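The structure appears below as structure tokens.
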Number of protein chains: 2
Amino acid sequence: MQAGAPRWRRRSQARPGEIVQAALDVFAEKGFAAAKLDEIASKAGVSKGALYLYFETKEDIFRAVVREAVVPNIDRVEALLAEATIPFPDLLRLALSQIEAVIETSRLGAVAKLVIGESRNFPELARVWHDEVVSRMLAAMSGALERAQMRGEVRLGEPRLQAFSIVGPILLGVIWQETFTPVGAPPAPLKSLVRQHGETMIAGLAPRAGVSS
Amino acid sequence: MQAGAPRWRRRSQARPGEIVQAALDVFAEKGFAAAKLDEIASKAGVSKGALYLYFETKEDIFRAVVREAVVPNIDRVEALLAEATIPFPDLLRLALSQIEAVIETSRLGAVAKLVIGESRNFPELARVWHDEVVSRMLAAMSGALERAQMRGEVRLGEPRLQAFSIVGPILLGVIWQETFTPVGAPPAPLKSLVRQHGETMIAGLAPRAGVSS
DNA sequence: CCCGTAAATGACCTGACGGTTATATACGAG
DNA sequence: CTCGTATATAACCGTCAGGTCATTTACGGG
């Protein structure tokens, strides 16, 4: 040990973020129950006791992780979809590429897997995730679809179900990458998947020839 | 306690199935780590010790649960998709309704959730699930798509990605029902979801007018 | 420079749960 | 009927990990 180097530092501002970051890593890899506080602590460069200076319980840390991951910019996608001024195909292409960007930036996939896996043990978290992420996403998409239908740019149908059709394959791609790629399955190339799926959906949602409204 | 009624019965044939069934319930609800052997045992109407007459460890039971759930008839769907004799739209409609039937019969959704949630802790199970279910499914679907492309019934594109587009929303529906419906979210009506998604995909995959091969 | 206290530690406590085993019992074979 | 053994039990054990706390240490204010 370096002489003069303190054994630890007082950094009450930075700690919580570091802990949540480390916890995300461990939870994502092990799931809630199998994640050990000692591992989270050591990954955060801190002792186990220190965790309890900032969080009440293990569950509390888990909640913080999910909430933290929820915060990021669903907003942008939502705002984009509210734009009614561009033709639907362009809108969809834009939205998809933004979603793709969000996925590649913020470990959304890992958190989704967590929430899905632990939903029965943490119903309240499933609810938060639903209300703050999935539901908003779907509502924004449905809204855009409904307006596009009224403008005659999209064939008539239940907008919510159409939204499922759009979002589903993306979820599949994310799950795939989190679940099967690590065990040797061929990767799901998110980029080309999203692009081709987008084109397929644009064609599939195009109004039928000869049906106006 | 009823006089003359034996305290327990010897039923070495029936036990394993009952245990696996009970274990599926508990694992589906709690996840692997949070599931207690005592609960599985009592749900199976048996003492904890009896579990160890039929299985080596908790993991062993988990494996049995997943394998059991894998067994059922992916085969039928696979066989159906190999049929090259009917037009693609009809084939797709048939396949989707069969998939729907399988989902509603065999607690496929619960198991999928389990596998996804525990994939990091049981990579070998993720591999089994991938090899026995997902990969076969996707391969069968890709094959059908590729042949349909050659017949000019489906627009050209990467068949594997098209298969993702077809399967994704179904996965989303299943996950939704397992994850969000129990916490008060509006249900994802699988039946109409599948039907409308099918029609959307048929339209989206139809060959472009004026592009022959 | 020194002290007060917030920040951090790590040894410890404890309950829970996976797994074991000595004992009891059902029931088929002879 | 009876006896052997496969089947089942329930009390038990050991370990592991979440949570606690007495003690130590960094470091800013006077």
Side-chain angles (χ1 to χ4, degrees), chain A residues 1-27 29-65 114 118 120-122 125, chain B residues 1-27 29-65 114 118 120-122 125:
Chain A
M1 192 177 293
Q2 189 85 5
R7 293 229 283 253
W8 42 265
R9 306 228 168 226
R10 312 173 79 192
R11 301 170 54 242
S12 58
Q13 303 307 313
R15 291 283 188 239
E18 293 171 3
I19 291 171
V20 168
Q21 178 61 40
L24 170 56
D25 286 348
V26 180
F27 282 136
E29 189 174 343
K30 304 282 177 73
F32 175 78
K36 292 167 214 168
L37 290 183
D38 282 308
E39 191 180 346
I40 294 175
S42 84
K43 198 162 247 177
V46 130
S47 74
K48 188 169 61 170
L51 301 182
Y52 286 86
L53 295 173
Y54 302 100
F55 301 94
E56 298 281 324
T57 67
K58 187 186 185 184
E59 293 194 12
D60 197 30
I61 299 178
F62 187 63
R63 277 183 259 277
V65 166
L114 266 180
E118 304 291 345
R120 287 304 214 296
N121 299 98
F122 296 89
L125 276 186
Chain B
M1 195 176 291
Q2 189 86 5
R7 295 229 284 254
W8 43 266
R9 307 224 168 229
R10 312 172 78 187
R11 301 171 52 245
S12 58
Q13 303 309 313
R15 291 282 188 239
E18 293 171 4
I19 291 171
V20 168
Q21 179 60 42
L24 170 56
D25 287 349
V26 179
F27 282 137
E29 189 173 343
K30 305 283 178 71
F32 175 78
K36 293 166 214 170
L37 289 184
D38 282 308
E39 191 181 347
I40 294 175
S42 82
K43 199 162 246 176
V46 128
S47 74
K48 186 170 63 170
L51 300 182
Y52 285 86
L53 295 173
Y54 302 100
F55 301 93
E56 297 281 324
T57 67
K58 186 186 186 183
E59 293 194 14
D60 198 30
I61 300 178
F62 187 63
R63 274 183 263 277
V65 166
L114 264 180
E118 304 290 346
R120 286 306 213 299
N121 299 98
F122 296 89
L125 276 186

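Hydrogens, waters and symmetry mates play no part in the numbers below; they use all other heavy atoms, side chains included. Every chain is numbered from 1 and lettered A, B, ... according to where its sequence line falls, protein lines coming before strand lines. Keep in mind the model is a prediction, meaning the values are calculated, not measured.
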Check: B:I61 and B:L37 side chains under 4.5 Å, non-hydrogen atoms: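 Touching, per the 4.5 Å side-chain cut-off.
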Could you name each residue pair satisfying side-chain hydrogen bond (donor to acceptor under 3.5 Å, both in side chains) that touches [range], not counting sequence neighbours?
{"range": "residues 16-27 of chain B", "value": "B:R11-B:E18, B:D25-B:R107"}
{"range": "residues 55-65 of chain A", "value": "A:E59-A:R63, A:R63-A:E124"}
{"range": "residues 36-48 of chain B", "value": "B:K30-B:E39"}

Round to a whole Å and report the spacing from [atom1] of [X] to [atom2] of [N].
{"X": "B:I19", "N": "D:dT7", "atom1": "CD1", "atom2": "P", "answer": "12 Å"}
{"X": "A:E18", "N": "C:dA7", "atom1": "CD", "atom2": "C1'", "answer": "14 Å"}
{"X": "B:L53", "N": "D:dA6", "atom1": "CG", "atom2": "P", "answer": "12 Å"}

Protein-to-nucleotide contact annotation, 5' to 3' order, nucleotides 17-27 of chain C [B base; S sugar-phosphate only; - none; under 4.0 Å, heavy atom]: SBBB----BBB
Side chain to side chain contact (heavy atoms under 4.5 Å, CB included) partners for B:A33, two or more places apart: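 B:A33 satisfies side chain to side chain contact (heavy atoms under 4.5 Å, CB included) with A:A33 once adjacent residues are dropped.
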ring-ring contact (aromatic ring centres under 6.0 Å, His included) partners of residues 44-64 of chain B, not counting sequence neighbours, each pair once: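 Listed by first then second residue: B:F27-B:F62, B:F32-B:F62, B:F62-B:F122.
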Touch class at under 4.0 angstrom, heavy-atom based, for A:F55 against every strand present: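 Result for A:F55 = nothing.
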